Amino acid sequence: MNIKEAADKLGITPRTIRFYEKKGLLSPAKQQNNLYRSFSEQDLWRLQTIVALREAHLSLSDIKQALEKLERNGVEELRYYLEMQRSALMSEWLQLKQAVETTDRMIELVQRERTLPLEHLFGLANASKQLREQRAGWKDRWDFNRLAPTHDERVAANEGDYADYEDALERVVRLIRPQQNERGLDIGTGTGNLAGKFLTASCHMSAVDQSREMLRLCREKHPEIETRLGNFLALPFLREQFDFVVTSFAFHHLTGNQQQLALEEMDRVLKPGGRIAIADLMASAEEGDRPTSSYPEARTLSHWFENRNYFVQLCRLNERLHILYADKKEHPYAGS
DNA sequence: CTTCTCACA
DNA sequence: TGTGAGTA
């Protein structure tokens, strides 16, 4: 099959196909006499895959890698690339959303003032820029992919940061009081220990983690859980999807500013009337131990939720370990 | 109809 | 990440 026929079949131009070939995504045989390209069924299948993945906005170099791995290791690898892409798109989408909000505020500002409020405008721009950089600023300084194979042993040891681990997970479940067929999300799920506990209550669980290896183990243990690559700062879900959102032993990996963003994200994906539980190492304000600790401060987190019309309940399991439970009101502006 | 290259956004 | 023009 010649190039034009192939191009027509796929709804692209011959020019584009040659371009993909130059980029190394494709190498159709050439006829001996005239050097015309000749497309086999294999080539066509490959082109179809490329076109499909382009539609998901994968870059050509990503597609190239995905195709190579797809041939060697099968479909599982492709799934990884698609999940990566989903996570990246979600993150871009959040940034666009933020840009829209900033623009709205600029419009409002310009409309209100008679002279051009340059300083104020610039302030808005800067705030937006900082927010963007914080979102992009997540780094896995611990290499959780490497930690994944031994993670469950470590939490079972029940010491250090993971003291009272099981107890904390059980209490999160009791606080949330999962009902049949509810949708739940576990963020920073690791190997799915917390998310797994909700399966017995017949909930549909989704689990997010930034570590591919952790998620692989999670799927082995609990095939029913829907796993997604992603992190706190750009949850790969649309708004108001979940009846409850939980997280355990993960939140403290964020910096203070990132924690604010993470709370907004949890709030975004939670349905009205939904519940949130955060089990993690926190600083207790009463003790005044904040200066020595980089942990989130329990009271600050509580206030964040209270200011947004949540009913909040805080309990403390040991020196550091707390569980913050927050209940989102059904109608946030009722009565006003 | 096809090839390739150079330039352009 | 593609496209358009010009060539053979």
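Keep in mind that what you see is a predicted model, and the values were worked out from it rather than measured. Below, chain A is the first sequence line, B the second, and so on; all start at residue 1.
Ring centroid separation for the pair A:F311 and A:F305 does not come in under the 6.0 Å cut-off. The distance between the ring centers of A:H204 and A:F242 does not fall below 6.0 angstrom.
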Report the C-alpha distance between A:R154 and A:L147 in whole Å, list the side-chain angles of each, state the deciding distance to 0.1 Å, and finish with yes or no for side-chain contact (heavy atoms from CB on, under 4.5 Å).
CA-CA 9 Å; A:R154 212 159 24 248; A:L147 295 175; 3.4 Å; yes
For A:E83 and A:R228, run salt bridge (charged side-chain N to carboxylate O under 4.0 Å, His left out): C-alpha distance rounded to whole Å, both residues' side-chain angles, the deciding distance at 0.1 Å, then the answer. CA-CA 7 Å; A:E83 282 190 17; A:R228 286 211 187 149; over 6 Å; no
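In summary, A:E76 and A:R219 engage in a salt bridge, as defined by a charged side-chain N under 4.0 Å from a carboxylate O.
Of all the residues in residues 24-39 of chain A, A:K30, A:L35, A:Y36, A:R37 reach under 4.0 Å from DNA chain B with at least one non-hydrogen atom. Across residues 11-23 of chain A, A:R15, A:R18 each have a non-hydrogen atom less than 4.0 Å from an atom of DNA chain B (numbered order).
More than 12 heavy atoms of other shown residues, nucleotides or ligands fall within 6.0 angstrom of atom CD in A:E71.
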Here DNA chain C, pairs taken as Watson-Crick or G-U under 3.5 Å and shown with ( ), [ ] when crossing and | when to another strand, reads ||||||.|
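By the 4.5 Å heavy-atom criterion applied to side chains, A:L94 and A:E265 are counted as neighbours.
Rounded to a whole Å, the CG atom of A:D62 is 14 Å from the C1' atom of C:dT1. Here the P atom of nucleotide C:dT3 and the CD1 atom of A:I3 are 12 Å apart, to the nearest Å.
The cationic group of A:R320 does not satisfy the cation-pi geometry with A:Y295, failing either the under 6.0 Å distance to the six-membered ring centre or the 45° limit from the ring axis.
A donor-acceptor pair under 3.5 Å is formed between the side chain of A:Q179 and the backbone N or O of A:R177.
Under the 30°/60° scheme for interplanar angles, the aromatic rings of A:F249 and A:Y162 are found to be tilted.
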